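First comes the structure, then the notes that go with it.
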There are 2 protein chains.
Amino acid sequence: MRPKLKENVQKSVTLTPLRVACSGCNLRELCLPMKLSIADMEQVDDLISLKHAYQRGDYLYRSGAKFQALYAIRTGFFKTQVLHEDGREQVTGFQMAGEIIGMDAISSDAHACDAIALEDSEVCEIPFGRLEELSRKLPSLQRHLHRILSREIVRDQGIMLLLGSMRAEERLAVFLLNLSQRYATRGYSPTSFHLRMTRQEIGSYLGMKLETVSRTLSHFQGLGLISIRKKSVELNNLSGLQTIVGPPQQLL
Amino acid sequence: MRPKLKENVQKSVTLTPLRVACSGCNLRELCLPMKLSIADMEQVDDLISLKHAYQRGDYLYRSGAKFQALYAIRTGFFKTQVLHEDGREQVTGFQMAGEIIGMDAISSDAHACDAIALEDSEVCEIPFGRLEELSRKLPSLQRHLHRILSREIVRDQGIMLLLGSMRAEERLAVFLLNLSQRYATRGYSPTSFHLRMTRQEIGSYLGMKLETVSRTLSHFQGLGLISIRKKSVELNNLSGLQTIVGPPQQLL
DNA sequence: GTGTGCGTTTGATATAGGTCAAAATCCCTG
DNA sequence: CAGGGATTTTGACCTATATCAAACGCACAC
């Protein structure tokens, strides 16, 4: 039933004929947080035609694939990764419901990374040509698209800061706090959640080896900051994690 | 005459009343590589009103400053950096003529990083509101704006790969090859150029300490790959540098 | 010209995190 | 429910890079 990630080779897309309406979507505040008239909203609904289902391990898109659309995650969890020819890979992000992915592909009309479902997921497809067209007519949609693109740039800069100037403990604390905050935004517990990714994927994202991820998590547990058992984490002391993030503790 | 970087505190902007026309700019192929009718081009010329001059050490913008415009670098060299409250800084990029910066600010209407001139520079200002307006009328301009934003995302992903999974030698080789390629694109020698930034800034960008930058450069010189004296570099063996970039040489 | 300071180089030493290995646990498959 | 691969944990050891320190040199100021 549950496929091993590496073996899901083909892009197995289950088309759900069901039309999804943004106007009725409970993620709208995350995905399209702008005010539109009813008539304009209908045009947006028109744009986002199909909802596709992906199983754990499926590719949403592959590096090199022709760019067609942006994707809004409706449910589920994805990772994006870039591959270096010599086999090295770098996870560039983990995406959850309400987030939009695929923007790397606009610049060259081909995707620059892979996007892979880490659990069974549903995705709304946003044909980019039509999005551009509509955003020419709706300034607030245009503005929103620009914000989303820019937000991605800012996010990436934050990761550069993380990878370029933080120690392993700090990176992991930032990572946990970031997940916490994103779950909170979605109405889930900020202190208790399941990690959808492996230690190896966390490590790739944070620029460290899986053993170091595991050791550091154990260390946090030893300090009483978190409880972790396999993939379920409990953050027992958010402000304690916050204080980990900071320059090397010379005091204390 | 030549100010120390840290002391140029105020944003000293010299307004050049001269109107600059994109239509006549020799950087157009880098900055606006798209075909427009003469009439449309005039509208773009209209948009990009003023050319400002900055001296070495001047801030083009600061983190937190209100977002007004994107900036196209006409001549000169900038760095962008993000600061963590605890004083740590991360250089997020080095920008040269024909490149556009400031896109981080769109998402929140405030700049998320600092941009600082590393040499005397001239910059074209592109008021963003008017750019959005015009891009609603000119689909090819709209498309171009989207490409530029997306290109920045792809660039950042490349840096994440670099910071997250390459060794110091590889990072520095990638850095030198990237500069080489960008100078080549601008019609300068790909094998002989001046570094505008300090070892410390290179180190910040590449996630390593200045001493490691210096040692690694010396090492490359020892291998005959480059010649370096202070800030002037000569790349003697581009393909040799290429082979440095790759998984840890187990063979050889 | 001489002094001062920043940037750079180089050396000696320390350490965070990587590597290798083994055991424990989990989870899917048959 | 037994078997086997994948994932995780933990330990022992190693290395790439950081840290600390000293000396040098160039650029600018006086």
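The model shown is predicted, which means the values in this text are computed figures rather than measured ones. Below, read A as the first sequence line, B as the second, and so on, with proteins coming before strands; counting in each chain starts at 1.
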In whole Å, what is the span from the [atom1] atom of [X] to the [atom2] atom of [N]?
| X | N | atom1 | atom2 | result |
| --- | --- | --- | --- | --- |
| B/Arg88 | D/dA18 | CZ | C1' | 14 Å |
| A/Leu118 | D/dT7 | CG | C1' | 15 Å |
| A/Ile226 | D/dT9 | CD1 | C1' | 14 Å |
| A/Arg56 | C/dC27 | CZ | C1' | 10 Å |
| B/Leu163 | D/dA16 | CG | P | 19 Å |
| A/Leu217 | D/dT10 | CG | P | 10 Å |
| A/Phe220 | D/dT9 | CZ | P | 14 Å |
| A/His194 | C/dC27 | NE2 | P | 10 Å |

Any non-hydrogen side-chain atom of A/Ser232 less than 4.5 Å from a side-chain atom of A/His194?
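The answer is yes, as the side chains (C-beta and beyond) meet within the 4.5 Å cut-off.
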
Determine yes or no for a side-chain-to-main-chain donor-acceptor pair under 3.5 angstrom, with [X] supplying the side chain and [Y] the backbone.
| X | Y | value |
| --- | --- | --- |
| B/Thr191 | B/Leu235 | no |
| A/Ser165 | A/Leu161 | yes |
| A/Ser121 | A/Tyr54 | no |

Could you run through nucleotides 11-17 of chain C and give me one letter per nucleotide, 5' to 3': B if any protein heavy atom sits under 4.0 Å from the base, S if only the sugar-phosphate is that close, - if neither?
BB----S

Please check the phosphate of [N] (OP1 and OP2 only) for any side-chain N or O of [X] closer than 4.0 Å.
| X | N | value |
| --- | --- | --- |
| B/Lys231 | C/dT8 | yes |
| B/Arg229 | D/dC26 | yes |
| B/Ser218 | C/dT10 | yes |
| A/Arg199 | D/dT8 | yes |

How many angstroms lie between atom CG of B/Leu179 and atom CZ of B/Arg196, to the nearest 0.5 angstrom?
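These two atoms lie 9.5 Å from each other.
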
Would you mind classifying the nucleic acid contact of A/Leu210 as base, sugar-phosphate or nothing, using non-hydrogen atoms under 4.0 angstrom?
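Base: the residue A/Leu210, judged by heavy atoms under 4.0 Å, touches a nucleobase.
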
Is the shortest side-chain N to carboxylate O distance from B/Arg155 to B/Glu99 below 4.0 Å?
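Here B/Arg155 does not pair with B/Glu99 in a salt bridge, since their nearest N and O are not under 4.0 Å apart.
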
Please identify which of these residues, A/Phe78, A/Tyr71, A/Phe67, meets the ring-ring contact (aromatic ring centres under 6.0 Å, His included) condition with A/Tyr61.
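Of the listed options, the one satisfying the test is A/Tyr71.
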
